[in-house]
Amino acid sequence: MYDSVKGFRDFYPEEMQARRWAMDTLEDVAQRYGFREIGTPALEPTEMYVDKSGEEIVEELYSFEDKGGREVALTPELTPTVARMFVAKQQELSKPIKWVSTRPFWRYEEPQQGRFREFYQTNVDIFGSAEPTADAEILAVAVEMLTDLGLTGEDFEIRVSHRDILAGVLESFGADVDVPEAIRAVDKRAKVDHDDYLDALVEAGLNYGQADKFDEMLQIDAEEIETLADLTGSEDVRAATDNLQAVLDAAEDFGVRDHLTVSLTTARGLDYYTGVVFECFDSTGEVSRSVFGGGRYDDLIEGFGGQPTPAVGFAPGHATLQLLCQRAGVWPAEELSTDYYVLQVGDTRPTAARIARDLRERGHVVESDVADRSFGAQMGYADGINAETVVIVGEQDLENDEVTLKEMDDGEQISVPLSAFPGDYDRPTFEDFAE
RNA sequence: UCCGGGUUGGGGUAGUGGUAUCCUUCAGCCUUGUGGUGGCUGAGACGUGGGUUCAAUUCCCGCACCCGGACCCA
């Protein structure tokens with residue numbers, strides 16, 4: 001017996017069926033918006049992350065030298081890869097680019113709830129549009145993915161913020177404020193003591209009076225967001241609040257405004273965000289834990305050697321989504337489902353095989369005996385795979401040119417002429433022949 | 001990397017310094033044709049390495065893995 005590697009999981013069919021449903025739900029939404037699926041490598045040059053990712057990510061890299069002496073790493077995130085792909089074909093791609101991808105990523109860190117060393121996420125990105133409509137479309141896709149999973153406004157909330165508003169307000173206090181550091185402090189606001197939070201702001205270059213005033217300004221409601229420009233007298237802030245308002249207006253038209261809450265204290269840690277940022281929170285859980293986040297990152301492509309290209313996207317992790325769905329009671333039962341089991345008794349394989357084929361042509365999941373088992377054992381197996389209907393193709397039935405249809409939930413069964421089965425029915429059951 | 005709690009047949013459990021309980025599961029049979037619901041028979045476990053001891057699944061230490069937390073964040 002071998003153990004699996006720490007933080008790497010096996011998924012057995014019951015759970016996989018539920019995960020498949022969730023993945024398909026997410027991808028269907030993206031496909032309906034015209035996001036095109038891309039495929040990406042599991043390995044990239046280690047250098048790409050050392051150059052372009054934060055130090056934390058590099059520390060968590062699974063990296064090694066391959067047999068050709070190349071330093072390679074298992075991809076810890078998709079963004080550098082899509083940036084690389086985009087830059088490589090930038091001239092020939094017609095903008096805006098809308099890409100989607102679901103796949104595993106790897107990070108060497110300590111597993112805990114909703115976090116593993118191998119984890120799956122669905123990345124959704126738009127490249128080449130700086131328009132608020134693009135931000136709003138990303139938000140719409142995010143909301144629709146969640147609602148298609150069966151979640152409602154009771155279960156989640158998307159908090160929207162804007163990096164440029166934070167930066168502009170901070171700068172209005174003085175040119176020497178360390179904006180990234182202050183934003184990191186804001187990002188931690190909910191987790192630390194209020195005094196420590198204020199200390200961190202002071203550390204970033206504000207004085208205590210400014211820190212208080214700044215924090216007060218962050219509490220502002222969506223309706224009053226535009227007053228920030230007058231409060232600070234900053235044109236940068238005005239441009240940023242106008243942009244946020246435009247995104248919210250577009251989100252209104254897209255039918256997802258009700259799921260969005262303006263919350264300037266939502267900052268997100270990553271340095272590369274530039275405009276709108278957002279974070280999805282579990283509103284049912286006692287701990288309001290971040291489920292996933294996203295936002296605009298207009299400078300990143302240029303950093304990869306491309307023409308300056310605006311970009312916006314998000315990437316929900318499947319493990320945390322699963323937790324959210326389970327808490328909300330919308331995660332499907334983790335059990336197998338089977339439409340038909342075609343049971344053979346004696347040498348009835350030719351007929352059983354024909355029936356199984358006919359049913360499969362109608363798109364059903366159909367199993368039949370491949371282990372030469374007894375009647376009772378086959379019935380037990382059919383029960384074990386949750387077969388809804390058993391078609392008994394026995395020697396006795398065939399002597400009368402019949403088969404027996406049995407519904408497994410109530411045990412009712414009926415003989416049906418062989419020539420009439422499956423007949424014209426898409427999904428023939430006991431009911432169809434009961435009269 | 002750090003902290004806390006775990007690890008007993010495939011799954012779930014009881015228990016003990018002298019190798020282990022019950023439920024379920026699985027296989028077969030009763031029953032060449034009825035599962036979820038009977039009866040019988042059988043299979044199957046103390047994570048790993050070391051220490052203490054006459055004897056360790058039990059006590060001690062290390063490690064691995066699992067669950068959760070810190071850090072960090074997707």
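Only this structure's heavy atoms are used, side chains among them; waters, hydrogens and symmetry mates stay out. Naming: A, B, ... by sequence-line order, numbering from 1 per chain.
Heavy atoms of A:Gly384 sit nowhere under 4.0 angstrom from any nucleic acid atom. No engagement by A:Ala382 is indicated, since no non-hydrogen atom pair under 4.0 Å with the nucleic acid exists. Among the protein residues, A:Gly380 comes within range of the sugar-phosphate backbone only, with heavy atoms under 4.0 Å from sugar or phosphate atoms but none that close to a base. Contacts of A:Glu395 with the nucleic acid, taken as non-hydrogen atoms under 4.0 Å apart, include base atoms. No engagement by A:Tyr381 is indicated, since no non-hydrogen atom pair under 4.0 Å with the nucleic acid exists. Looking at heavy-atom distances under 4.0 Å, A:Gly7 makes contact with sugar-phosphate atoms alone, never a base.
A:Phe281 and A:Val291 make their closest contact through C-CG2, 4.3 Å (heavy atoms, listed as atom of the first residue, atom of the second, distance).
Straight-line distance between the P atoms of B:C3 and B:G62: roughly 11 Å, to the nearest whole Å. Distance noted for atom P between B:G15 and B:G35: 37 Å (whole Å). Distance noted for atom P between B:A14 and B:C29: 35 Å (whole Å). Taking the P atom of each, B:U16 and B:C54 are spaced 24 Å apart, rounded to whole Å. Between B:C65 and B:C60, the distance separating the two P atoms is 22 Å to the nearest Å. Comparing B:U19 with B:G44, their C1' atoms are spaced 15 Å from each other, to the whole Å.
With respect to the salt-bridge test (charged N to carboxylate O, under 4.0 angstrom), the residues A:Arg32 and A:Asp28 do not qualify. For the pair A:Glu388 and A:Arg427, the salt-bridge criterion is met [side-chain N within less than 4.0 Å of a carboxylate O]. Between A:Lys98 and A:Asp125 no salt bridge is recorded (no basic side-chain N to carboxylate O distance below 4.0 Å).
Protein atom CG of A:Asp10 is 13 Å distant from nucleotide atom C1' of B:C66, rounded to whole Å. Straight-line distance from the CZ atom of A:Arg373 to the C1' atom of B:G28: 12 Å, rounded to whole Å. Atom CD in A:Gln344 sits about 19 Å away from atom P in B:U32, given to the nearest Å. Whole-Å rounding puts the A:Glu388 CD to B:G35 P distance at 20 Å. Rounding to whole angstrom units, CD of residue A:Glu59 and C1' of B:C73 are separated by 12 Å. Atoms CG (A:Asp409) and P (B:G35) sit 16 Å apart, rounded to a whole Å. Atom pair A:Ile392:CD1 and B:G35:P shows a separation of 10 Å (rounding to whole Å applied). Atom CZ of A:Phe375 and atom C1' of B:G28 are 19 Å apart (whole Å).
Nucleotide B:A70 is matched to B:U1 when pairs are restricted to Watson-Crick or G-U wobble geometry with both distances under 3.5 angstrom. With a 3.5 Å ceiling on both atom-pair distances, the Watson-Crick or G-U wobble partner of B:U41 is B:A27. Both distances falling under 3.5 Å, in either a Watson-Crick or a G-U wobble arrangement, place B:C63 opposite B:G47. Using Watson-Crick or G-U wobble geometry with both donor-acceptor distances under 3.5 Å, B:C54 finds its partner in B:G18.
For A:Arg107 and B:C72, the shortest distance from a side-chain N or O to OP1 or OP2 is not below 4.0 Å. Contact annotation: A:Gln113 side-chain N/O to B:G69 OP1/OP2 distance is under 4.0 Å.
For A:Phe119 and A:His318, the ring centers are positioned 6.0 Å apart or more.
With hydrogens and angles ignored, a donor-acceptor pair closer than 3.5 Å exists between the side chain of A:Gln413 and the base of B:U34. Residue-to-nucleotide contacts include a donor-acceptor pair under 3.5 Å from the side chain of A:Asp383 to the base of B:G35. For A:Arg115 against B:C72, a side-chain N or O and a base N or O form a donor-acceptor pair under 3.5 Å.
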>> Run A:Arg107 and A:Glu118 through salt bridge (Lys or Arg N to Asp or Glu O under 4.0 Å) and show every step you take.
In response: CA-CA 7 Å; A:Arg107 289 190 191 182; A:Glu118 178 176 63; over 6 Å; no
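For the pair A:Met379 and A:Phe119, both in contact range of RNA chain B, the more 5′-proximal nearest nucleotide belongs to A:Met379. Position along RNA chain B of the nearest nucleotide to A:Asp410 versus A:Glu110 favours A:Glu110 as the more 5'-ward residue.
Judged purely by atom type and a 3.5 angstrom limit, A:Arg362 uses its side chain to pair as donor or acceptor with the backbone of A:Asp358.
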